[in-house]
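Contents: one structure, followed by commentary.
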Amino acid sequence: APTVLFLSPLQRNFLFRPIIDVSVNHGLSQPSMSFRNVEQGITAIQAGNLDEGTRLLRIALKDPDVTGGIRAIACLWLAEITTDPQAKRAYYDAALAADPTNTEIRSRVEHWLAAQLPTPPPPTSVPTVTPPPQPPVSVAPQPVFSPTPPQPTTLPGLSPQPFAAAYVPAQPAAGQYRIVGVIGGPNGLGTGFFVSADGLLATTRYVVGGVERVTIELEAGYQVPGLVLRAYPELDLAFVYVQQIAVALMPVTPSPRIPEETPLTATSYRGETVQGYLRTTKRILAAHWFPTTITAPLDAGGSPVFDDSRYLVGMLTRNASASSPNLYGIHISAILTLVAAFKQEMAESKRLYCPVCGYASSAAAAGGYYCEVCGGLMPHAAGERRHWRDAPNLLYHEQNRIACHHCTATVGFHLGKCLRCGRDQ
């Protein structure tokens, strides 16, 4: 995110102007305490005192009378100085919600979202292919396929090895594959779509279940192996890798939120579509969810969702409302944020996919038999004779001799809970 500690006079005027304008519009003869907290907070941030500025702005936002432009500017400053992507997104959303007509704020949000998108491969790396004449296909949005697909490649095996070793992109193919079929999961045929040019697909956790490998059908009669590398059960999201470079990704919406009553279209790999709208709800939802009027998935899940401008806005999940069959979708910006986080996981350390909980396990990659998050037995260790290993067991905290604050036991901790009394530390 761009820094706001060193601003030009024009930038300072832009950020302070909405606050002054709002105070005049509300007829405030004297600034309120919350108004002064906003001004003092911004002044502290400009002076380099981020902690004090953050504290004052947060205090001001607790006042329900701080609305409109004042709230928007306070949220905007907090978004500019935080480095946490989720917190930054939440502050940007709050700024837009407080002042939705402020085009300058919207421009900043869209610029930040655009910076989060993965960079496609350079066009010079794509070979020129002249396909023979084909009858036109009018299913929308329809992936464009090559009539002469390349020969399938074989993914490296895991026995076990860190998944980063399998994440090696192949050469670009002639086909512009975007929406694919996912075969071999426990719940039948599903849909997936490319979210990274180097072969990473998004689908639902329901589609892949607890399996490690699936078959990806790029077009009818052309299938390649797919390796499940990461899953997020709480979001019904999973990432699958194929050795296939995506020549072009689907265009993504630049908007951080989908406007109410926006027409939505979900598309399956088979070309089936279902229409719906963004559903209005009084519930407060996390920024990554959007409610729809769609009540039935087209297959096991994973269908990309498009708006009326044919931009990709997210993925349809099987998560439904508690009081109706209406399904929820995951916003594409949240998916792309997790793509970046997943690649960072691979860059930081060697990890191995746990099909039980979907986590990227460091303990398993170090030779351990169990996932350090869920305790599930890793597939590679199912037939092995298990014994003590120092390196992975450090991640299980089995050598922890710190006493529990509640029961004084020294049996160790797992996920912050004492293994004797089960209470949080």
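Since this is a predicted model, take the numbers as computed values, not measurements.
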Practice problem: Decide whether T191 and D299 meet the rule of one side-chain donor and one side-chain acceptor closer than 3.5 Å. | Solution: yes
Exercise. For A94, check side-chain contact (heavy atoms from CB on, under 4.5 Å) against everything at least two apart and list the hits.
Key: C75
Quiz item: Does Y353 reach the side chain of L229, with side-chain heavy atoms less than 4.5 Å apart?
Solution: no
Quiz item: Hey, is the main chain of G422 close enough, under 3.5 Å, to the side chain of H406 for a donor-acceptor pair?
Solution: no
Self-check item: Minimum side-chain heavy-atom gap I335-F239 below 4.5 Å
Solution: yes
Practice problem: Give a yes-or-no answer on whether the side chains of T82 and D84 include a donor-acceptor pair shorter than 3.5 Å. | Solution: no
Quiz item: Tell me, do L336 and V195 make a side-chain contact under 4.5 Å, heavy atoms counted?
Solution: yes
Exercise. Could you tell me whether the side chain of D198 reaches within less than 4.5 Å of the side chain of K343, counting heavy atoms only?
Key: yes
Quiz item: CD1/I216 to CD1/I183 distance, rounded to the nearest 0.5 angstrom?
Solution: 8.0 Å
Quiz item: Is it true that a side-chain atom of S309 and a backbone atom of Y311 form a donor plus acceptor pair closer than 3.5 Å?
Solution: no
Quiz item: In Å, rounded to the nearest 0.5 Å, how long is the span from CD1 of I330 to OH of Y232?
Solution: 11.0 Å
Self-check item: Main-chain N/O of L200 paired to S196 side chain as donor or acceptor, under 3.5 Å
Solution: no
Exercise. Rounded to the nearest 0.5 Å, what's the gap from CD1 on I81 to CG on L57? Could you check?
Key: 6.5 Å
Quiz item: For the atom pair CG (L264) and CG (L327), what is the distance rounded to the nearest 0.5 Å?
Solution: 12.0 Å
Self-check item: Donor-acceptor contact below 3.5 Å, side chain R178 vs main chain F193
Solution: no
Quiz item: Atom CG in D63, atom CD1 in I70: separation rounded to 0.5 Å?
Solution: 9.5 Å
Quiz item: With a 4.5 Å limit on heavy-atom distance, are the side chains of P291 and L278 in contact?
Solution: yes
Quiz item: Are the side chain of R423 and the backbone N or O of K417 linked by a donor-acceptor pair below 3.5 Å?
Solution: no
Practice problem: Kindly confirm or rule out a cation-pi arrangement of R279 over Y328, judged by NZ or CZ under 6.0 Å from the six-membered ring centre and within 45° of its axis? | Solution: yes
Self-check item: L218 side, atom CG; Q244 side, atom CD - distance, nearest 0.5 Å
Solution: 5.0 Å
Practice problem: Flag this pair as yes if the NZ/CZ of R318 is under 6.0 angstrom from the six-membered ring centre of Y206 and inside a 45 degree cone about the axis; otherwise no. | Solution: yes
Quiz item: Can R36 and E39 be counted as an ion pair, charged N to O under 4.0 angstrom?
Solution: no
Quiz item: More than 12 heavy atoms of other residues, nucleotides or ligands under 6.0 Å from CD of E260: is that the case?
Solution: no
Self-check item: Identified side-chain contact (heavy atoms from CB on, under 4.5 Å) counterpart of V182 within the set T204, L201, V214
Solution: V214
Self-check item: Chi angles and distances behind the side-chain contact (heavy atoms from CB on, under 4.5 Å) call for L235, L338
Solution: CA-CA 11 Å; L235 299 179; L338 290 175; 3.6 Å; yes
Self-check item: Carboxylate-amine/guanidinium proximity below 4.0 Å for R205 and D236
Solution: no
